[in-house]
Amino acid sequence: MDGPLPPRESAKFIAENSRDVSIDGGGVRRVAELLLAKAGSPELRLGGWKALHELNPRAADEAAVNWVFVADTLNFSFWSEHEEHKCLVGHRGKTYSGYWSLCAAINRALDEGIPITSASYYATVSLDQVRHILRSDTDVPMPLIEERHRILNETGKILLEKFEGSFLNCVRKSEKSAQKLMHLVVENFPSYRDVTEFEGKRISFYKRAQILVADTWSVLEGEGDGCFKDISSITMFADYRLPQVLVHLGALKYSEELLEKLLKGEMLSYGSRQEVEIRGCSLWCVELIRDCLLELIEKKGEKTSEEINSILLDYYLWDYARDHRDDMKGIPFHRTRCIYY
């Protein structure tokens, strides 16, 4: 059986056959213009991953790569049922929510002497230990704790069996190809197989596998084992925050029917038509924004010191969504509870 369409081709196919989600060309251009003002600034550079986020590892070594692997293995489903009641994790005097609550919990565990980034530890970690490691400072626990426990055990065992317990060994097998690393991850670790069907075709988003490649590139600063020659082939990471910010910025549009559903807080199941359209169109939308931005940079005759790719656009837009949360109150994110994003 042939494999699914890769993420970029999947997104293009979805965008061409979408009914409830559409891409607005004028909006794409406006977002590209907004980003043009940021070209060359830390927010659109590889170094921003460390410089702008205090919870990310400072080092560029094997331990840092193993930290990234654990974080992205658990990087799914942080949205709260109610905005005012959420899982919060305190670390070194600051309080974090969403994905950052996970990073804070990992760093808190390491500070407490719990070897959470060691495969030999998390391959056999108990559910109670995971509950303790990911404990919330509020009465709202981190979602899907049982799934997180199961996936940690499964992933740890595979990492020990196939890669001697270190994700850096997996990175080295990729021979400096981002695509090869993505496929190694998807083939070896079941929880990363973000694949479904649309219009009779098997399609993939590989959100967590792609963000794992991107974060590996970022933590290794694009050098040595992290110097991927085809890094620009990685697309944005189709989650629930990016579509929301793209709608807010006018690059993505929802049908009345879909918008009404989202405003009511109705759940969309993973793989359902509207859920696939939201993810696919947002991914293709970012590809178009990138193309437009590169054209604008060329027109200005400016040379940026490093190529702007979809990873850097995703990082920027995701942070933008967090910083402009209050402006986006009228635009709901889609609610899908799953392990893939």
| Going by atom types alone, do His149 and Asn153 pair a side-chain donor with an acceptor below 3.5 Å? | yes

| query | Would Ser191 and Arg150 count as having a side-chain donor-acceptor pair, cut-off 3.5 Å? | reply | no

| Parallel, tilted or perpendicular: rings of Trp318 and Trp100 (30°, 60°) | perpendicular

| said: Give me the atom names and distance for the closest heavy-atom approach of Thr336 to Tyr341. | reply: CB-OH, 3.2 Å

| Closest non-hydrogen atom pair, Ser218 against Leu46 | CA-CD1, 3.6 Å

| task | Measure from the side-chain N and O atoms of Asp24 to the backbone N and O of Gly27, and report whether any donor-acceptor pair falls under 3.5 Å. | result | yes

| request: Give a yes/no verdict on a cation-pi contact between Arg241 and Trp79, requiring under 6.0 Å between NZ or CZ and the six-membered ring centre and an angle within 45° of the axis. | output: no

| Side chains of Tyr340 and Thr196: is there a donor and an acceptor less than 3.5 Å apart? | no

| note | Contacts of Arg322 meeting salt bridge (Lys or Arg N to Asp or Glu O under 4.0 Å) (sequence neighbours excluded), chain-then-number -> Asp319

| said: How close do Ala60 and Leu220 get, counting heavy atoms only, and between which atoms? | reply: O-CD2, 3.5 Å

| query | What orientation do Phe333 and Tyr240 show, parallel under 30°, tilted 30 to 60°, or perpendicular over 60°? | reply | tilted

| note | Sorted by chain and number, sequence neighbours left out, side-chain hydrogen bond (donor to acceptor under 3.5 Å, both in side chains) with Arg193 holds for none

| When Asn75 is tested against each of Ile211, Asp239, Leu212 for side-chain contact (heavy atoms from CB on, under 4.5 Å), which residue passes? | Ile211

| field | Minimum heavy-atom distance between His334 and Pro243, given as atom pair plus value | value | CE1-CG, 4.2 Å

| query | Between Trp217 and Asn309, is a side chain to side chain contact (heavy atoms under 4.5 Å, CB included) present by the stated rule, with each step listed? | reply | CA-CA 12 Å; Trp217 174 65; Asn309 57 37; 3.5 Å; yes

| Partner residues of Glu164 under the salt bridge (Lys or Arg N to Asp or Glu O under 4.0 Å) criterion, sequence neighbours left out | none

| said: Could you measure the distance from the CE atom of Met236 to the OG atom of Ser310? Nearest 0.5 Å is fine. | reply: 9.0 Å

| Are the aromatic rings of Phe189 and Phe69 close, with centres under 6.0 Å apart? | yes

| task | Say whether Tyr96 and Asp137, considering side chains only, have a donor N or O and an acceptor N or O under 3.5 Å apart. | result | no

| OG/Ser174 to CZ/Phe228 distance, rounded to the nearest 0.5 angstrom? | 5.0 Å

| said: Under a plain distance cut-off of 3.5 Å, with no hydrogens placed, do Asn56 and Trp67 share a side-chain donor-acceptor pair? | reply: no

| query | Which pair of non-hydrogen atoms, one from Gly48 and one from His53, has the smallest distance, and what is that distance? | reply | O-CD2, 3.8 Å

| request: Report yes or no: is the cationic atom of Lys38 (NZ for Lys, CZ for Arg) closer than 6.0 Å to the six-membered ring centre of Tyr316, at no more than 45° off its axis? | output: no

| task | Identify the heavy atoms of Lys162 and Lys173 that sit nearest to each other, and give their distance. | result | O-NZ, 3.8 Å

